[in-house]
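Below: the structure, in structure tokens.
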Amino acid sequence: MTDAKKDYRDTVFLPQTAFPMQGGLPKKEPELLARWQRMDLHGKLRGQSAGREKFILHDGPPYANGNIHIGHALNKILKDVINRSRQMMGFDAPYVPGWDCHGLPIEWKIEEKYRAEGKDKDGVPILQFRAECRAFAEHWKTVQAEEFQRLGVVGDWAHPYSTMTKAAEAQILREMYKFVDNGLLYKGVKPVMWSVVEKTALAEAEIEYHDHTSTTLWVKFPVVKTACKELEGASVVIWTTTPWTIPANRAIAYGDFAYSVLRVEEVAEGGIAKVGDVLAVAENLQDAFVQEAKIGRVSKLAVLAKDDLGSVVCAHPFRGRAGSDGYFDYDVPLYFGDFVTTDAGTGFVHIAPGHGEDDFNLGRKHKIKFDETVGDDGRYLPNVKGFEGLYVYKPDGKVGEANGAVIKALLDAGALLAKKNIKHSYPHSWRSKAPLIFRTTPQWFIAMDEKIAATGKTLRETALESIGQTGWYPGIGENRIRGMIESRPDWCISRQRAWGVPIALFVDKTTGDVLRDKAVMNRIAAAFDADGADAWYARPAQEFLGNDYRADDFIQVFDIVDVWFESGSTHAFVLESGVWPNLQSPASLYLEGSDQHRGWFHSSLLESCGTRGRAPFDKVLTHGFTLDEQGRKMSKSLGNVTAPQEVNDKWGADILRLWVLSSDYSEDLRIGPEILKQNGDLYRRFRNTLRYLLGALNGMSDAEHVAVADMPELERWVLHRLHEVDASIRADMAAFDFGHMLQTLHNFCNTDLSAFYFDIRKDSLYCDRADSLRRRSARTVMEQIFNHLAVWLAPVLCFTAEEAWLARFGDDENNSVHLQTFPAVPAAWRDDALAHKWAEIRAVRRVVTGALERARNDKKIGAPLQAHPHVYVSDRVIVTLQDVDFAEICVNSSLTLQADPAPENAFSLPDIANVSVVVELAEGRKCERCWQVLPEVGSHKDAPDLCHRCHDAVTHSGQAAA
RNA sequence: GGGCUUGUAGCUCAGCUGGUUAGAGCGCGCGCUUGAUAAGCGUGAGGUCGUAAGUUCAAAUCUUACCAGGCCCA
């Protein structure tokens, strides 16, 4: 033959596209963001979908006090994918992002700044302080908005909501007034951690634990009433680390374990017990007690169990005390407490409901009456007769006289058995470092179990009903929030703080009643409309009260409302307000981390049930938390933190989005370098599929289109798959099952397209004449694949799908994949019989590829085009395969199908019966253009290296596609 | 300590109401291709289903305990 073979590369239609293989996302994504901004994508979306059925995902507001972390990214990405997919399913899905701006963490930041400047918060005018808090929140709101948008989140970023706007503050107040109107708001008391130095309550996070030396006491409480003979004339022994709480004692708690009744037979040196005393203590603490109390010898009279103690009533050790005017003459009953342990003490816990959490709860459970005993300055109040005015802690934080006075009184009463100093961990103020006390304070509550006049139901009942009417995703969320609502106490909505919305009420100084005058409340709310909540601090009380009342007769309430009440009211000042006319209430969906069963879902549910009688949402979806690759919590000290900003810069936001959707977000999600790399690989498959399609569609025009009926079976099978995939992923999107959707899409790209359809059609695409029916059919179908795939991927890979879309349709600024809806799939594409047939074809093909692999290992062949498989199958299968070009399907140059019995050495697969393959070399020479090995090559004098097809194609090259 | 919850190949996930040798994709090894080429195709090796008991003819799937996580409380 000729020496120099002709190079036919230029006559082959190789894929051509400007869409690069490498994403370069960190650089590309900001460009696309700027483009969306320029073209006002969000505005176009809204305009385009006006009038459609609405889907309202109401944003739960993040707290504006720092950069976003990976958990924020997870949350916002998930919301964005849901919004985008609903939009593309044909809904109008407007999204208004929001921020939670009031609250303690921001106050702390400003206080911290003051401390650094040597200033004291209390010396700063409150309006100035609030202004600084506002500026701080505003700053972080701006930062977070940037960071969220970088993730590709589309929404009304120009008009977000926040809890600190005037309109929001005014509406929050109006929501509170609704609870005044419906009678659920009441004033009660609650024990809090109190600093007598700062005269303020402290939140959990403001408390530091340091060692502190406390005087501990063992004290007798004489039994005065009991059904248990063994306890007649005996005393119950309690142990306390806070002697000053003894005057506030109202009960004694016992546990579920054995108690001994002991008779003192002998007192050791220094002991103050008396011979003949009969004392009850927990059995396994009795030895320690006997030793501490310096009791020489005891005899055990009896052992009692939990049930023996239920009916016991003691007297307070100060009963009948001179100078107390009978103040202590009440009964001290015994109650079971599940918090009682035998770690230390006597197994009996003295209960002062005003001075401890467990104490308060037990008191509430048994409706124990009690007084406030200690004032905000740390002194006993006047009602504590005989002790009034004594300091528990002095204003300088030092121990006051109260302990000493109590100990002396106990000694006088003969009730003290022992005392001892111990060093233990004790709560202190983070500011003054002074020790704290538990103290009841007046607070505002929303009642859970009072009937609302309008409905005749309690808030708890209404909330529980609403839970049943809400769709919970995953379903287990319902159990969780139901349990919480069933068991929660009344909602304490007041805080003694500065940065928030004041509970703007007036309380009558003489009656203690809340002023419920509509005119006054309206004036206050109007002032909030005009000036925000600052009005409450800036304007004189008389201005609100008008001419009907005198400011001197009322106490103006300066407590602020719990921030959970604020965010629980977002449905009112965002969805219902009319400020965003796109929105409506109730929301279709609330979506947050599973911690919000206790937080935002919970407070929104209660707020809305109390004011509107139903939940503000139809569905609630929760996601898990982000952990590192080992499933551990992320922390700076472990060095396992993945920051979204870093992922954006290294991989791109599309990879982060892919990570969210490829994970099972209903559980906790893991993230780290390996998982990101994996998602990078996953991404490449999607990107390359789009890229191959773009390359294959180079120069495609409508003139090339082929009617479905005229297409080869392979193309019609692909259309069937499009139909199938479309149905599957629409169902997935509706059910928020994006993991399954992504898997379906990935398998489609991977298994159906890349490894099967594209692999087979490469030959036709590259080498057939441009006007051939086969090639035109392939391009017609590939156009459909592209149009579907790009749109299917758009909610998840919002940047890449757009990039591909523009590469195909031009970057006219009105153009965007995000303005598309999922294209309709003609029902005619579905062909179950064809699908069944092609499933069988692919099964036989697997045996062929297996045989080719063995031939390759035997060095018999290299590329599949060198091979000519002899395929031995049953008559039935021959019928299946006879009207398709099975050589083409297996990417071989030629192939023989035969129904003969297979030779001994034929290749077969265990799971595919009656199919065996023997691989031979294809006969003939390699066509230099299409690389098929065919006997005909050499028969054309003018082109001795070409097969018939290629000769024809080259001869008619003028008709080649561009 | 309590409530809810999770634990299947290196990774991300399927495995419904218990029933043949536990699946997929990725990654990894090997081979092919060099006309999707920092790509494509084929193929192979990976799991005592957290551990231990129990129920059952039969358990990843049911029960109990334990271990290791997570969220929310205390």
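Hydrogens, waters and symmetry mates play no part in the numbers below; they use all other heavy atoms, side chains included. Since the structure is predicted, the reported quantities are computational estimates derived from the model, not experimental observations.
Distance CD (Glu928(A)) to C1' (G35(B)): 13 Å, rounded to an integer number of Å. Across the protein-nucleic acid pair, Arg685(A) atom CZ and A24(B) atom P stand 17 Å apart, rounded to whole Å.
Checked against salt bridge (Lys or Arg N to Asp or Glu O under 4.0 Å), Lys926(A) has no partners two or more places apart in sequence or in another chain. In terms of the side-chain contact (heavy atoms from CB on, under 4.5 Å) criterion, residue partners of Arg842(A) (sequence neighbours excluded) are, by chain and number, Trp717(A), Thr751(A), Asp752(A), Phe756(A). Remark: Asp737(A) pairs with no residue by the salt bridge (Lys or Arg N to Asp or Glu O under 4.0 Å) rule, at least two apart or across chains. For Phe565(A), the ring pair (Phe, Tyr, Trp, His ring centres under 6.0 Å) criterion is met by Phe179(A), Trp491(A), not counting sequence neighbours. Listed by chain and number, the residues in a ring pair (Phe, Tyr, Trp, His ring centres under 6.0 Å) with His350(A) amount to none (sequence neighbours excluded). Residues forming a side-chain contact (heavy atoms from CB on, under 4.5 Å) with Thr242(A) (at least two apart in sequence, or on another chain): Thr240(A), Trp244(A), Thr245(A).
Within the 4.0 Å cut-off from OP1 or OP2 of C13(B), not a single side-chain nitrogen or oxygen of Ser662(A) is found. Residue Asn679(A) has no polar side-chain atom (N or O) positioned under 4.0 Å from OP1 or OP2 of C26(B). Between Tyr683(A) and the phosphate of C26(B), there is no side-chain N or O to OP1/OP2 separation shorter than 4.0 Å. Applying the 4.0 Å criterion to OP1 and OP2 of G40(B), one finds that Lys762(A) has every side-chain N and O outside that range. Between Arg691(A) and U37(B), a side-chain N or O to OP1/OP2 separation shorter than 4.0 Å is present.
The gap from the P atom of U34(B) to that of C41(B) amounts to 15 Å, rounded to the nearest Å.
In this model, a donor atom of one side chain and an acceptor atom of the other lie less than 3.5 Å apart for Asn679(A) and Ser662(A).
The salt bridge (charged side-chain N to carboxylate O under 4.0 Å, His left out) contacts involving residues 652-671 of chain A comprise Asp80(A)-Arg657(A), where partners must be two or more places apart or lie in separate chains.
Looking at Arg808(A) and Glu803(A), no side-chain N of the basic residue comes within less than 4.0 Å of a carboxylate O on the acidic one, giving no salt bridge. Salt-bridge formation is detected for the pair Asp681(A)/Arg684(A): a Lys NZ or Arg NE/NH1/NH2 atom is positioned less than 4.0 Å from an Asp or Glu carboxylate oxygen. Remark: Arg761(A) engages Glu888(A) in a salt bridge, criterion side-chain N to carboxylate O under 4.0 Å.
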Extract from the structure each pairing of a protein N or O with an N or O of nucleotides 27-34 of chain B at less than 3.5 Å, listing the distance.
| from | atom 1 | to | atom 2 | distance (Å) |
| --- | --- | --- | --- | --- |
| C32(B) | O2' | Gly862(A) | O | 3.0 |

Measure all distances between protein nitrogen or oxygen atoms and nitrogen or oxygen atoms of nucleotides 19-22 of chain B, and list the pairs falling under 3.5 Å.
none

Protein-nucleotides 14-16 of chain B N/O pairs under 3.5 Å:
none

Practice item. At under 4.0 Å between heavy atoms, which parts of nucleotides 66-74 of chain B does protein reach? Answer with one letter per nucleotide, 5' to 3': B base, S sugar-phosphate only, - none. Key: ---SSBSS-
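A stem is defined here as three or more consecutive Watson-Crick or G-U pairs, each with both distances under 3.5 Å; for RNA chain B these stems are B:1-7 with B:67-73, B:10-13 with B:23-26, B:28-32 with B:40-44, B:50-54 with B:62-66.
For A36(B), the base has a donor-acceptor partner in the side chain of Ser754(A) [N/O atoms by modelled type, under 3.5 angstrom].
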